[in-house]
Amino acid sequence: MPYETVSFTNKKDVRVVDIRTDTITKPTPAMRKVMAVAEVGDSVFGEDPTVNELERRCAELMGKEDAVYLPSGTMCNLIAIMVYCNKHGTEFIAGDRSHTFLYEQGGAAVLAGVQCSLIPNNPDGTFSLDLVKERIRVNTDFHEPSTALIIVENTHNMCGGKVLPLEWLDSLAQIAQQYDVPIHMDGARLMHAVVQSGISAKRIARDMESVFFCLSKGLACPMGSVLCGKKSFITQAKRLRKMLGGGVRQVGIIAAAGLLALDEMIDRLQIDHDHVYQIAKAIDSMESKIFRVDLSSVQTNILMISLDTRVVTAKQVLQKLAMVSETDEVKVSVQAGAPSPSVIRLVLHWEITSDDVRCAIDKIKMVMKEVQSEILIS
Ligand SMILES: *Cc1c(COP(=O)(O)O)cnc(C)c1O
């Protein structure tokens, strides 16, 4: 399904609250400063001291032997698939709401020649462990592909920023070990899971053969993701990075922002989580039948609002949220996203202040009332 956003043509006196996603953030002023003076070298040669330091710290944070700094999360997932599924006739298991399946242009199939075996995601981002057992194919007969990898997503993006329960991860790891199939964690927003659960990244990733997180998602860096795993895995990942054109040179300039993010941007994610909860609570308190949020499942910085599409579509709501007319009392343009016609998605990030949140709530309530009154009229 297309990801719809509506852009607002700026008018004076209108406050724009852009919560389409957490990748739109600019580097913090402190980041600009450390970037300006970062020590650099050719990182493909392993000679960029800032990149080396970032990789060392991330490996330590995740409790893994080594790490590699990559341009994007998509490349982390693709490289992991290419390393584990390096024989023809292999497949990987992933959730049907996973980013890897939905939003990476089928790179696993196109570039790695690997088939994806989909298991339906539960609303909490997990999938059935019984189905995993049924689906894993090892020592297969000559008709079947063999399963070489399982991918999990934490937090789960399209399930609304859910943190995977540790017990589920532990049970999955037991099954994976039994069949000798590695697990790769797409932890684009793993730090949000750490902050929400209070469980260390190291513990969450304990049984993962590899794991990455994005410095560009919620942590304010202009780019970059760090893929962590065993030494032998990272060596292969670095070879593939070069093949895919991801070997960037004096990238310490940007890695410097990553180092700062590790120190300054992780703990503050709680603020974004609190902001999401405030918005969710405001929507919930309206007791609308048209706009619904599941307050009990709000966990991190992503909020999914379900719509009754018999009354209004996501596209219409996005337009209403974004537009401000001269007569409106609330002069706020809320920029949101819509992963499907029945869902509005809001993602909080560091540039959104508590005051912005109050304004966004005023606007959302205004739009909800407007939609409600439109049905009464029609
Ligand atoms: C954004 C995202 C990715 C991809 O990261 P990019 O840096 O945008 O390529 C992968 N997985 C999840 C869960 C994501 O949210």
Side-chain angles (χ1 to χ4, degrees), residues 1 3 5 19-25 27 54 58 62 67-82 92 94-108 110-112 116 118 121 124-127 149-164 169 183-194 196 201 204-205 208 210-228 237 240-241 244-246 248 251 254-255 257-258 261 265 269 272 276 299-304 337 339 343 345-349:
M1 268 167 279
Y3 196 92
T5 56
I19 42 180
R20 285 170 297 165
T21 179
D22 53 1
T23 60
I24 57 168
T25 54
L54 178 66
C58 290
M62 298 288 191
V68 58
Y69 183 49
L70 294 173
S72 70
T74 300
M75 197 182 282
C76 290
N77 281 332
L78 178 61
I79 285 179
I81 291 166
M82 288 176 98
F92 66 93
D96 69 345
R97 308 290 297 143
S98 66
H99 194 280
T100 309
F101 173 64
L102 289 177
Y103 299 121
E104 295 174 13
Q105 288 198 24
V110 177
L111 301 165
C116 179
L118 288 180
N121 273 119
D124 68 353
T126 64
F127 39 73
L149 178 66
I150 299 167
I151 298 182
V152 296
E153 190 172 310
N154 199 14
T155 65
H156 202 291
N157 189 341
M158 279 303 134
C159 291
K162 297 293 190 312
V163 179
L164 294 179
L169 272 177
I183 308 174
H184 165 73
M185 180 176 278
D186 173 344
R189 296 186 181 81
L190 182 63
M191 295 310 148
H192 298 77
V194 168
Q196 196 277 340
I204 295 172
M208 307 296 118
S210 53
V211 56
F212 80 88
F213 72 104
C214 289
L215 291 157
S216 54
K217 293 246 173 98
L219 298 180
C221 296
M223 58 158 266
S225 300
V226 189
L227 178 63
C228 308
L240 290 166
R241 172 180 68 174
L244 296 171
V248 269
V251 74
I254 303 170
M265 301 307 285
L269 292 174
D272 302 338
V276 162
Q299 295 184 339
T300 59
N301 70 325
I302 301 175
L303 180 63
M304 299 293 202
V343 177
R345 177 173 172 269
L346 309 180
V347 188
L348 272 284
H349 54 80

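Basis for what follows: all heavy atoms, side chains included, without hydrogens, waters or symmetry-related copies. We count ligands from 1, going down the list as the structure has it; atoms in each ligand are counted the same way.
- Here CE of M304 is found 7.5 Å from NZ of K162. Values are rounded to the nearest 0.5 Å.
- Considering both main-chain and side-chain atoms, T155 never comes within under 3.5 Å of ligand 1 through any nitrogen or oxygen pair.
- Contact annotation: for S72 versus ligand 1, heavy atoms closer than 4.0 Å belong to both the backbone and the side chain.
- Note on ligand 1: E104 sits in its first shell, one or more heavy atoms being nearer than 4.0 Å.
- The N/O atoms of D186, backbone and side chain alike, include one that comes under 3.5 Å of an N/O atom in ligand 1.
- Not a single N or O atom of S216, backbone or side chain, sits closer than 3.5 Å to an N or O atom of ligand 1.
- At a threshold of 4.5 Å between non-hydrogen side-chain atoms, the residues T300 and V276 do not count as touching.
- Contact atoms of ligand 1 toward E153: 13 (C) (distance under 4.0 Å to a heavy atom of the residue).
- Of the protein's heavy atoms, G73 N, 2.8 Å lies nearest to atom 7 (O) of ligand 1.
- Considering only non-hydrogen protein atoms, atom 9 (O) of ligand 1 sits nearest to T74 OG1, 2.6 Å.
- Side chains of H192 and I302 form no contact here, defined as non-hydrogen atoms less than 4.5 Å apart.
- For the residue pair N77 and H184, a side-chain donor N or O sits within less than 3.5 Å of a side-chain acceptor on the partner.
- In summary, the atoms of ligand 1 found under 4.0 Å from a heavy atom of A188, numbered by their order in the structure, are 2 (C), 11 (N), 12 (C), 13 (C), 14 (C), 15 (O).
- Neither the backbone nor the side chain of M75 has any atom closer than 4.0 Å to an atom of ligand 1 (non-hydrogen atoms only).
- Looking at heavy atoms from C-beta onward, M223 lies in side-chain contact with V251 at the 4.5 angstrom threshold.
- Rounded to the nearest 0.5 angstrom, L348 CG and L269 CG are separated by 11.0 Å.
- Contact check for I204 versus M185: side-chain heavy atoms found under the 4.5 Å cut-off.
- Using a 4.5 Å cut-off on side-chain heavy atoms (C-beta onward), N121 and M158 make no contact.
- Summary of contacts: the protein heavy atom closest to atom 2 (C) of ligand 1 is K217 NZ, 2.2 Å.
- At a 3.5 angstrom cut-off on N or O pairs, C214 does not count as close to ligand 1.
- In this structure, the side chains of F212 and D186 come closer than 4.5 Å at one or more pairs of heavy atoms.
- Between N157 and ligand 1, a contact under 3.5 Å exists for at least one N or O pair.
- The closest approach between any non-hydrogen atom of H156 and ligand 1 is not below 4.0 Å.
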